[in-house]
Amino acid sequence: MERLSVFPTKTYLCPTMSDKKVRVRFAPSPTGGLHLGGVRTVLFNYLFAKKYKGDFVLRVEDTDQGRYVEGAEKYIMDCLNWCGLIPDESPIAGGQYAPYRQSERKAIYREYAERLVSQGHAYYAFDTPEELERNRKEIPNFQYGHAYRNGLRNSLSLKTHQVQQLLDGGEPHVIRIKMPEDETIHFYDMIRGNVSFETGQSDDKVLLKADGMPTYHLAVVVDDYLMKITHAFRGEEWLPSAPVHLLLWEYLGWKADMPQWAHLPLILKPDGHGKLSKRDGARLGFPVYAMNWLDEKTGDLTPGFRELGFLPEAFLNLLAMLGWNDGTDNEIFTLDELIEKFSMERVHNSGAKFDFEKAKWFNAEWIKRSEGGSLKSEVRKILGDKGIVASDDEYLISLIDLVKERCTLLPDFYHQLSYFYEQPKEYDLNAVKPKWTDAKTEFFKSFISLLGKREDFLAPDLEQSFKFLAEEKGLKAGELMLPFRIMLVGGKFGPHVFDIAALLGKEETIKRIEKAQPLLNPPL
RNA sequence: GGCCUGUUCGUCUAAUGGUCAGGACGCAAGAUUUUCAUUCUUGAAAUAGGGGUUCGAUUCCCCUACGGGCUACCA
């Protein structure tokens with residue numbers, strides 16, 4: 001039994017010690033929105049590349065014409081832009097190894113597939129999908145492999161002249177890899193360590209489809225080679241097909257240039273079992289895609305983290321912590337810090353259930369830590385969508401800084417800020433009315449005239465005179481503050497009431513007290 | 001079913017052949033804030049089970065159970 005061993009040494013693991021420039025790629029297929037797990041794969045690729053001053057390549061795997069979705073590629077680019085994970089090479093940016101769309105590289109793949117056929121590592125297969133379907137149905141555990149391939153219609157079972165005849169006659173066919181019956185394949189995964197497979201377990205994967213397009217298996221190997229990819233990171237769902245890829249690297253004579261592999265753990269449903277899917281988001285009420293995704297055909301809108309009010313920094317941060325940590329208790333990292341601290345060896349090897357509560361906590365932390373100035377255009381947009389024009393930059397920034405620790409998601413700013421721009425539409429009267437007295441009415445009358453005489457309008461001064469006046473009238477300041485708040489804000493929330501009054505300004509504060517008075521003093 | 005892969009509080013995770021098994025989210029209680037939120041303090045909460053190896057195993061090995069992935073002319 002021949003043994004194909006691909007055991008890189010430990011030293012090969014440290015890319016800085018290799019003379020090759022680090023090159024990684026993210027290779028999505030444009031079939032829809034960009035999933036959480038996809039963004040995390042991008043992130044880990046990006047972090048690794050930037051840590052070692054390497055290149056991050058975006059390659060579009062659009063080889064499945066049946067599943068191709070118009071607009072998906074642009075959407076993916078937009079997501080990466082929003083996250084700030086900008087590829088060094090891509091279909092849009094171009095690059096030395098263009099084109100970066102596999103559909104545009106179609107001609108390349110056939111050449112390598114034919115080469116494999118002539119070397120005896122692959123073969124033509126003429127079986128129709130219907131025939132295969134029937135086999136799968138009739139034969140338990142049917143696999144197109146060493147056990148059955150001789151009974152099927154392919155260039156291994158057919159006579160040479162028959163094959164030639166079929167080929168010449170334009171008979172639809174695919175090219176399949178000929179998996180060895182009895183070899184053990186070992187390889188080193190940067191996350192999992194040594195992994196091994198028996199080649200006989202895998203079927204003879206299609207390499208080149210009848211339409212001339214390559215399957216993922218062929219395309220990924222050819223392109224990774226041609227694009228000089230040094231490290232191939234992808235989701236764990238690819239682990240079982242790794243032996244096919246390893247064999248291809250070997251058969252094509254490129255083994256020395258094979259990238260280092262790492263299979264990233266999956267992101268799982270918070271409840272129940274299985275991979276996190278688009279449907280789980282809808283079912284459980286949280287986004288699964290990075291940004292809103294509109295399906296043109298059905299008109300279905302799948303919500304995204306961006307539109308829900310996540311900061312890209314928080315989004316990246318929470319994704320990074322799903323399966324990775326730096327070994328300390330720190331959980332908040334900027335992109336630059338992640339680049340500095342990241343290491344593939346510290347990535348967990350088991351799947352992580354997604355926890356939306358924790359995701360929100362990350363966002364709240366990031367909002368709290370952000371300067372009002374950096375949040376202002378987002379907040380302005382949120383207010384604008386609700387018809388509030390926040391034109392004064394300086395004013396808006398001071399408002400944001402005042403309330404940001406009360407906000408978890410960006411849209412929370414509307415609730416926390418709208419009353420600064422417009423009078424309360426409703427008042428939580430139940431909170432004050434039962435305890436209302438004429439003495440309180442009297443107090444606010446005096447307070448208004450007191451305010452009218454003020455030159456300045458600063459929070460501490462307001463508080464002082466408010467309390468002083470209360471004492472003068474023989475009232476408890478504490479019992480007056482909640483009514484005051486309701487008059488200004490409408491409800492039991494928000495920052496210190498005197499901060500609110502100060503920001504509202506003299507005239508507006510007086511106006512609001514006056515407006516609210518009749519509500520508390522119904523006419524007799 | 002077969003193959004691969006995994007298993008520490010409910011969840012994300014740290015750590016070590018000898019620790020009171022640490023942190024975070026969430027939850028609960030309390031303090032501060034005469035609102036809400038923040039903040040602070042405290043609490044409940046975990047090494048899947050069984051065998052080995054060992055003076056000692058959560059850590060190393062084996063088995064079982066359970067989870068997950070793959071098993072397409074999809075990626």
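Below, chains carry the letters A, B, ... as their sequence lines are ordered, and counting in each starts from 1.
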Would you state whether a donor and an acceptor, one from the side chain of A:Lys205 and one from the base of B:A72, lie under 3.5 Å apart? no
For A:Asp326 and B:U13, what is the distance between atoms CG and P respectively, to the nearest whole Å? 14 Å
So, is A:Arg136 close to the B:C73 phosphate, meaning a side-chain N or O under 4.0 Å from OP1 or OP2? yes
For the side chain of A:Leu482, starting at C-beta, report the closest nucleotide among B:C70, B:U71, B:U35. B:U35
Between A:Thr63 and B:A75, is there a contact of a side-chain N or O with OP1 or OP2 at under 4.0 Å? yes
What does A:Arg346 touch in the nucleic acid at a heavy-atom separation under 4.0 angstrom: a base, only the sugar-phosphate, or nothing? sugar-phosphate
Scan A:Gly235 against the nucleic acid and name what it touches under 4.0 Å (heavy atoms): base, sugar-phosphate only, or nothing. nothing
So, does A:Arg67 get its side chain near the phosphate of B:A75, meaning an N or O under 4.0 Å from OP1 or OP2? no
What are the atom names and distances for every N/O pair under 3.5 Å that joins the protein to nucleotides 3-7 of chain B?
{"unit_1": "B:U5", "atom_1": "O2'", "unit_2": "A:Arg192", "atom_2": "NH1", "d": "3.3"}
{"unit_1": "B:U5", "atom_1": "O2'", "unit_2": "A:Glu236", "atom_2": "OE2", "d": "3.3"}

Checking side-chain polar atoms at under 3.5 Å, does A:Glu114 have a donor or acceptor matched by the opposite partner on A:Tyr124? yes
Rounded to whole angstroms, how far apart are NE2 on A:His263 and C1' on B:A75? 13 Å
Phosphate OP1/OP2 of B:A14 contacted by A:Asn325 side-chain N/O (<4.0 Å): yes
Taking any heavy-atom pair under 4.0 Å as a contact, classify A:Ala431: base, sugar-phosphate, or nothing. nothing
With sequence neighbours excluded, what pairs up with A:Phe466 under the ring pair (Phe, Tyr, Trp, His ring centres under 6.0 Å) test? A:Phe443, A:Phe447, A:Phe484, A:Phe498
Of all heavy-atom pairs linking A:Leu58 and A:Tyr100, the shortest is O-CB, 3.7 Å
Select one nucleotide: of B:G69, B:C36, B:A24, the one nearest the side-chain heavy atoms of A:Leu266. B:G69
Does a side-chain N or O from A:Lys353 land closer than 4.0 Å to OP1 or OP2 of B:G67, or not? no
Using a cut-off of strictly less than 4.0 Å, decide whether A:Arg485 has a side-chain nitrogen or oxygen near OP1 or OP2 of B:A37. no
Between B:U39, B:C25, B:C74, spot the one nearest the side chain of A:Asp64, thanks. B:C74
So which nucleotide does B:C40 pair with, by the Watson-Crick or G-U wobble rule with both distances under 3.5 Å? B:G30
NA contact type, A:Val206, heavy-atom cut-off 4.0 Å: base, sugar-phosphate, or nothing? sugar-phosphate
Mind checking if A:Ala210 touches a base, just sugar-phosphate, or nothing, with heavy atoms under 4.0 Å? base
Kindly point out which of B:G1, B:A14, B:C12 is positioned nearest to the side chain of A:Asn141? B:G1
Between B:C36, B:G26, B:C73, which one does the side chain of A:Arg176 approach most closely? B:C73
Look at all strands and tell whether A:Pro495 reaches a base, only sugar-phosphate, or nothing, counting heavy atoms closer than 4.0 Å. base
Salt bridge A:Asp271-A:Arg283, side-chain N to carboxylate O under 4.0 Å: yes
Between A:Glu331 and A:Lys358, is the salt bridge (Lys or Arg N to Asp or Glu O under 4.0 Å) condition met? List the steps. CA-CA 11 Å; A:Glu331 292 191 280; A:Lys358 183 112 187 195; 2.9 Å; yes
Is A:Gln416 touching bases, backbone alone, or none of the nucleic acid, heavy atoms closer than 4.0 Å? nothing
So, OP1 or OP2 of B:A37: does either fall under 4.0 Å of a side-chain N or O from A:Lys368? no
Heavy-atom distance under 4.5 Å between the side chains of A:Arg234 and A:Phe26, does that happen here? no
The nucleotide from B:A72, B:C73, B:A24 with an atom nearest the side chain of A:Pro129 is B:C73
First locate atom CG of A:Leu43, then atom CG of A:Leu319, and finally report the distance between them rounded to the nearest 0.5 Å. 6.0 Å
Residue A:Leu322, side-chain heavy atoms: nucleotide from B:U38, B:U11, B:C12 that is nearest: B:C12
Would you confirm whether A:Asp62, through its side chain, and A:Gln102, through its main-chain N or O, come within 3.5 Å as a donor-acceptor pair? yes
